[in-house]
Trainee: 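Just passing along the structure, written as structure tokens.
The sequence lines fix the lettering, A, B, ..., with proteins before strands; numbering per chain opens at 1. Predicted, not measured: the structure shown is a model, and the values here were computed from it.
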Amino acid sequence: MSEAGYDFKRIEEKWQKYWAENRAFETSEDRTRPKYYCLEMFPYPSGRIHMGHVRNYSIGDVVARLKRMKGFNVLHPMGWDALGMPAENAAIKHGTHPETWTRDNISHMREQLKKMGLAYAWDRELATCDPEYYRWNQYFFIRMFDRGLAYRKGGLVNWCPKCATVLANEQVVGGGCWRCETPVEQRVMEQWFLKITAYAEQLLQDEKLLTNWPEHVLTMQENWIGRSEGARVAFAIDGVGDVTIFTTRLDTIYGATFVALSPEHPFAQGLIEGSPTEAEARQFIAQCAAERMARGEPAEKRGLDTGRKALNPYTGEMVPVFLANFVLMEYGTGAIMAVPAHDERDHEFALKYGLPIRQVIQGPAPNDYAKSAYTGEGVVIASGPFTGLPSDQARTRMAAHAKEREFGEAAVTYKLRDWGISRQRYWGTPIPMIHCDRCGVVPERIENLPVRLPHGVALTGSGDSPLAHVPEFVNTRCPGCGGPGRRETDTMDTFVDSAWYFLRYVSPRFDTAPFDAADVRYWLPVDIYIGGIEHAILHLIYLRFITKFLREEGLVHVAEPIPKLVTQGMVTLGGSAMSKSKGNVVDPDAMVEKYGADALRVFILFAAPPEKDLEWTEHGIEGSYRFLNRINSIVQSTVPLFRAASEVPSGPAARELLRKLHQTIRRVTHDIEVRLHLNTPVASMMEFLNAFDAAAPSVRAEAGGEAALRECVEKLILLLSPFAPHLAEEWWEMTGHQPPIATAAWPSFDEDLAREDQADVIVQVNGKVRGHASCPFGAPEAEVSKLAEADPKVASAIAGKTIVKRVYVPNRLLNIVVR
RNA sequence: GCGAAAGUGGCGGAACUGGCAGACGCGCUGGACUUAGGAUCCAGUGGGGAGACCCAUGGGGGUUCGAGUCCCCCCUUUCGCACCA
């Protein structure tokens, strides 16, 4: 930048070195002090930090630095989500080892973060690829296995052909892979699942503890968990047995004119066996399966009449049984009762196959059932003993009836599925299980953990587990019988790693347990968690789940580890997210090089509040750089004042400027701490700077004025220090203070000094501003009215009219209502 | 289709519980200092009107002394889920 600017290179290097040498941001062992745990989502070590990281970490850094200055024992850690596919892909491409690639990236990115001046407790740094870290993933897995919360199951799984691995349901976004957007296919495979569904209700209930989560994140999680209240009812199918259906509209069951099963339903084969159209039916099932594999857009509804009949236990009627492609095996029971009159899907199907449509709900308006279904509620009709009841009452009574007769009961269903964690990849946590011909699948012994990733492994990315080709890894002893055993060769989903890293930070080197109980007790819950919205359901539901499990294990005392969440918006350029493929990436390094880290931080915080998207503009960072330069020259010119004797400022200009100062302190503190808006604090500091420039000459001329200027500069440096920490340290030292400013006391504001003594009351006539009345603070209405009505503009506006009433808001506004 | 969030100058955005709409910054215009300036400083900058004033927070209603803010309807955009029975 220009020669006129401050020497940010020298200053930033100097203070980064100072902080490192003095271990300035490590935590205190003093447990009597109040703690503050400030956490940002740790990055995947992809190679370089991007603007999203800069934003995320700058936001967290302001909070952490403010809290430290306010006397909290602050835990502000950083680490690396270091296992995962890109490392493996890079290794395949460049012929290196994933670990080499990952460690190199970590080293580089660590330096980048240090150059941002981020106040991390670097002594607590962790990487999930450390065996001492993933060891505990294995420990948790075994505990889950012992408790029946980890299990192995075959079935259809989501398969990403590009990543050549399985994906959890949460990782399928809009039918594509969350990482590469490749359309997901279905495959039949055995894999390991974690029983997150056992916590569905808790996850839902405990949302009420997430008092400071954005509403839309909670909504997304609710939708994902997808709780529905309804009932299960058994329909007896002749020659096959009872098939249980799930419905949320039991009140419509008298209108059920057929039953439909998913083609994947376990009964499907039995239903068609021996039927005259068995061959055709098999073909239909195969076709549906093929459709599902492709996972194309919603296929046209198709069905197959099995020729069998099922007994509706309410009506005693025998209704046809269909296999239908629109019935999902993975939701409810995989079988439905179809009520064409009151369900659109059933209606469409009934029209196509000429099935009866029988109205059993009377809605508020007439409905043409030949054209459409009525899906609302109403009064139940033509429903035997339940006729005449409103829908909700009918449901309750009907469920009670089913329970009594033992053919059904009220039931709750969730959309949430168990978390499939097997990945056919190398660079992940080995699943610590051993297959033994004699004992079955048995867990590795706890004392043998970690099961380490072997080093010399051929990586092909072809889709079968690389570990399967390493005999030294695969062949082992069965912990049960001591005979030969084969290790599980799939690795864990890396979301397992990131589901508990915030707990490991409290005692990152602890080696007899995943974390020290006393440390957890002191540091948890996390006081604030800041990260991208893209994790609203993946990471943020997994970590809640793992915490609930760990609480049952007696390892954690909180039900919810993170009661406050801030989801920051994207950094965009040209209106869309920066990405290599779009070629609209701005490299943070280049900006640090050109304007310095402080200017970059100030701009990225100033440009938008945290939750909003932020459009990058280089003009913007120039503005921030100018702002810092202005303060720099003011500090330079006021340095001599800091050597002068202290005096008490007494003049009116000083009084006015100090008032503005204390108002600024109040606003900056409140906006950071309470609202977490970091753009407005910067704005108010700029405003204060403008006021300072304007007032400085007259303040300086007053008795004790220099002391006032000195106070203003000193406090401004403190206020700015979380935003521009390097410069603040430099100024702090220049003005004769003992570094570091990072642990100096945050300025407190003086309510008396901040208070205005003159109020500028807005005078309105019929709600329109007509004048102002300057009067002493706290002046009574009568006095203000008198002043107001003396204003010529006000006088002319009310001339010849009748005053109906006056609305007076002390010190702010007087509205004279006339007619 | 269902669910959620958001619509304010040329741009990013301010406006705490309803109380001067447009703080602050960018950009732009004019000026000063300069051999020069894409540096710095000063002034101006929602629209209309000569002016008193009038009009303006996606559109339309409403509540209120007073609405960007609260209520109802509509429009647009973004995001999430998507045959969930």
Trainee: Using only modelled atom types and a 3.5 angstrom limit, is any donor from either the side chain of A:K415 or the base of B:rC81 paired with an acceptor on the other?
Mentor: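 No such pair is found, so the answer is no.
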Trainee: When rounded to the nearest Å, what value does the distance between C1' atoms of B:rC83 and B:rU17 take?
Mentor: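 That atom pair is separated by 46 Å.
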Trainee: So which of A:L210, A:L540, A:N212 actually passes side-chain contact (heavy atoms from CB on, under 4.5 Å) with A:L565?
Mentor: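 Passing option: A:L540.
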Trainee: Categorize A:R630 for me: base, sugar-phosphate, or nothing, with a 4.0 angstrom heavy-atom threshold over every strand shown.
Mentor: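 Here A:R630 touches the backbone only, sparing every base.
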Trainee: Checking contacts here: which listed nucleotide (B:rG13, B:rG80, B:rA85) is nearest the side-chain heavy atoms of A:M220?
Mentor: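 Side chain of A:M220 sits closest to B:rG80.
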Trainee: Keeping the roles fixed (side chain from A:D613, backbone from A:G569), state whether a donor-acceptor pair exists under 3.5 Å.
Mentor: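 No: the side chain of A:D613 does not pair with the backbone of A:G569.
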Trainee: Say we look at B:rG46 and B:rA21: how far apart would their C1' atoms be, to the nearest angstrom?
Mentor: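 Straight-line distance between the two C1' atoms is 10 Å.
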Trainee: Going by the glycosidic torsion and a 90 degree boundary from 0, is the base of B:rG31 oriented syn or anti?
Mentor: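 Base orientation: anti.
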Trainee: Go through it in stages, so that I can follow the logic: the residues are A:R812 and A:I762, the test is side-chain contact (heavy atoms from CB on, under 4.5 Å), and I'd like the CA-CA distance, side-chain angles, deciding distance and then a yes or no.
Mentor: CA-CA 6 Å; A:R812 305 200 69 165; A:I762 305 145; 5.6 Å; no
Trainee: Would a line drawn from the ring center of A:F258 to the ring center of A:F349 be shorter than 6.0 Å?
Mentor: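 For A:F258 and A:F349, the ring centres are under 6.0 Å apart.
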Trainee: Indicate yes or no: does A:K9 engage A:E593 in a salt bridge with an N to O separation below 4.0 Å.
Mentor: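 A:E593 and A:K9: salt-bridged.
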Trainee: Take atom P in B:rU29 and the same atom in B:rA39, then report the distance between them in whole Å.
Mentor: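 These two P atoms come out 13 Å apart once rounded.
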Trainee: Determine, using ring centers only, whether A:H342 and A:Y369 are less than 6.0 Å apart.
Mentor: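 They qualify: ring centres under 6.0 Å apart.
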Trainee: At under 4.0 Å, does any side-chain N or O of A:R806 touch on OP1 or OP2 of B:rG66?
Mentor: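 The answer is no; no side-chain N or O of A:R806 sits under 4.0 Å from OP1 or OP2.
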Trainee: For B:rG13 and B:rU57, measure between their C1' atoms and round to the nearest Å.
Mentor: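 Here B:rG13 and B:rU57 have their C1' atoms 13 Å from each other.
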Trainee: Checking A:K301 against A:F326: charged group under 6.0 Å from the ring centre and within 45 degrees of the axis?
Mentor: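 Yes, A:K301 sits over the ring of A:F326.
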Trainee: A:H619 NE2 to B:rC28 C1': how many Å, rounded?
Mentor: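 Rounded to whole Å, this separation is 11 Å.
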Trainee: Quick one about A:Y595 and A:E618 (side-chain donor to acceptor, distance below 3.5 Å, no hydrogens or angles considered), yes or no?
Mentor: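 The answer is yes; a qualifying pair exists.
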Trainee: From NZ of A:K805 over to P of B:rU64, roughly how many Å is that when rounded to an integer?
Mentor: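 To the nearest whole Å, that distance equals 10 Å.
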Trainee: Over how many whole Å does the gap from A:E348 atom CD to B:rC83 atom C1' extend?
Mentor: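 The answer, rounded to whole Å, is 9 Å.
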Trainee: Just the rounded figure in Å: distance from P of B:rC83 to CG of A:D343.
Mentor: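 Nearest whole value for this atom pair: 13 Å.
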Trainee: For the C1' atoms, the ones on B:rC70 and on B:rU78, what distance do you get once it is rounded to whole angstrom?
Mentor: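 Result for the C1' pair: 25 Å, nearest Å.
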Trainee: Is the A:Y625 to A:F603 ring centre distance short of 6.0 Å?
Mentor: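 Centroid distance A:Y625-A:F603: not below 6.0 Å, so no.
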Trainee: Can a donor-acceptor pair be found between the side chains of A:E170 and A:W224 at a distance below 3.5 Å?
Mentor: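 A:W224 and A:E170 do have a side-chain donor-acceptor pair below 3.5 Å.
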Trainee: When the P atoms of B:rC79 and B:rU63 are compared, how many Å lie between them, rounded to an integer?
Mentor: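 Looking at atom P only, B:rU63 and B:rC79 are 38 Å apart.
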Trainee: Distances for protein N/O vs nucleotides 5-9 of chain B N/O pairs under 3.5 angstrom?
Mentor:
none

Trainee: Are more than 12 heavy atoms, taken from residues, nucleotides or ligands other than A:E756, located less than 6.0 Å from that residue's CD atom?
Mentor: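 Result for CD/A:E756: enclosed.
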Trainee: Between B:rG12 atom C1' and A:M686 atom CE, what is the distance in whole Å?
Mentor: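 It is 12 Å, rounded to the nearest whole Å.
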Trainee: If you assign A:E170 and A:L328 each to the RNA chain B nucleotide with the nearest heavy atom, which residue ends up on the more 5' nucleotide?
Mentor: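 The residue whose closest nucleotide sits nearer the 5' end is A:E170.
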Trainee: In whole Å, measure the gap between the P atoms of B:rA85 and B:rU76 for me.
Mentor: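 Each nucleotide's P atom is 28 Å from the other's.
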Trainee: With a non-hydrogen cut-off below 4.0 angstrom, is A:V339 in contact with a base, only sugar-phosphate, or nothing?
Mentor: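 Result for A:V339 = nothing.
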Trainee: In whole Å, what separates the C1' atom of B:rG9 from that of B:rG25?
Mentor: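 Taking atom C1' in both B:rG9 and B:rG25, they lie 14 Å apart.
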Trainee: Once you round it to whole Å, what is the distance between C1' of B:rC83 and CD of A:E264?
Mentor: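 After rounding, the reported distance stands at 14 Å.
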Trainee: Would you classify A:P214 as touching base, sugar-phosphate or nothing, given that sugar-phosphate means primed atoms plus P, OP1 and OP2, and contacts are heavy atoms under 4.0 Å?
Mentor: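 No contact.
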Trainee: What are the atom names and distances for every N/O pair under 3.5 Å that joins the protein to nucleotides 19-23 of chain B?
Mentor:
{"unit_1": "B:rG19", "atom_1": "N2", "unit_2": "A:Q764", "atom_2": "OE1", "d": "3.1"}
{"unit_1": "B:rC20", "atom_1": "N4", "unit_2": "A:D760", "atom_2": "OD2", "d": "3.3"}
{"unit_1": "B:rA23", "atom_1": "O2'", "unit_2": "A:E687", "atom_2": "OE1", "d": "3.1"}
{"unit_1": "B:rA23", "atom_1": "O2'", "unit_2": "A:E687", "atom_2": "OE2", "d": "3.4"}

Trainee: Just do the side chain to side chain donor-acceptor pair (under 3.5 Å) check on A:D671 and A:T680 with the steps written out, would you?
Mentor: CA-CA 7 Å; A:D671 281 3; A:T680 45; 2.7 Å; yes
Trainee: Classify A:R666 by what it touches in the nucleic acid, base, sugar-phosphate, or nothing, heavy-atom distance under 4.0 Å.
Mentor: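 Touches nothing.
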Trainee: Do the charged groups of A:E300 and A:R302 touch, with an N to O distance under 4.0 Å?
Mentor: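 Answer for the salt bridge query: no.
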Trainee: What's A:K793 touching, base or sugar-phosphate or nothing? Going by heavy atoms closer than 4.0 Å.
Mentor: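 Contact class for A:K793: sugar-phosphate only.
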Trainee: So which nucleotide from B:rC55, B:rC41, B:rA14 ends up closest to the side chain of A:K768?
Mentor: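 Selected nucleotide: B:rC55.
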Trainee: Mind checking which stems touch RNA chain B? I mean at least 3 consecutive Watson-Crick or G-U pairs, both distances under 3.5 Å.
Mentor: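 If one scans RNA chain B for consecutive Watson-Crick or G-U pairs, the stems found are B:1-7 with B:75-81, B:10-12 with B:24-26, B:27-32 with B:40-45, B:46-48 with B:53-55, B:58-62 with B:70-74.
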Trainee: Give one of base, sugar-phosphate or nothing for A:G623, where a contact means two heavy atoms less than 4.0 Å apart.
Mentor: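 Answer is sugar-phosphate: A:G623 comes under 4.0 Å of backbone atoms only.
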Trainee: Counting side-chain heavy atoms from C-beta on, which of B:rC81, B:rU40, B:rC53 comes nearest to A:R626?
Mentor: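 Out of B:rC81, B:rU40, B:rC53, the nucleotide with an atom closest to A:R626's side chain is B:rU40.
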Trainee: Grab the CG-P distance between A:L678 and B:rG25 for me, whole Å please.
Mentor: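 Roughly 18 Å, once rounded to whole Å.
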Trainee: Would you mind reading off the distance between A:N632 atom CG and B:rA39 atom C1', rounded to a whole angstrom?
Mentor: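 Interatomic distance, CG of A:N632 to C1' of B:rA39: 15 Å.
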Trainee: Within the 4.0 Å heavy-atom criterion, would you say A:T617 contacts the bases, only the backbone, or no part of the nucleic acid?
Mentor: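 Touches nothing.
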Trainee: Taking the six-membered ring for Trp and the full ring for Phe, Tyr or His, determine whether the centres of A:F606 and A:F627 are under 6.0 Å apart.
Mentor: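 Ring centroids of A:F606 and A:F627 are no less than 6.0 Å from each other.
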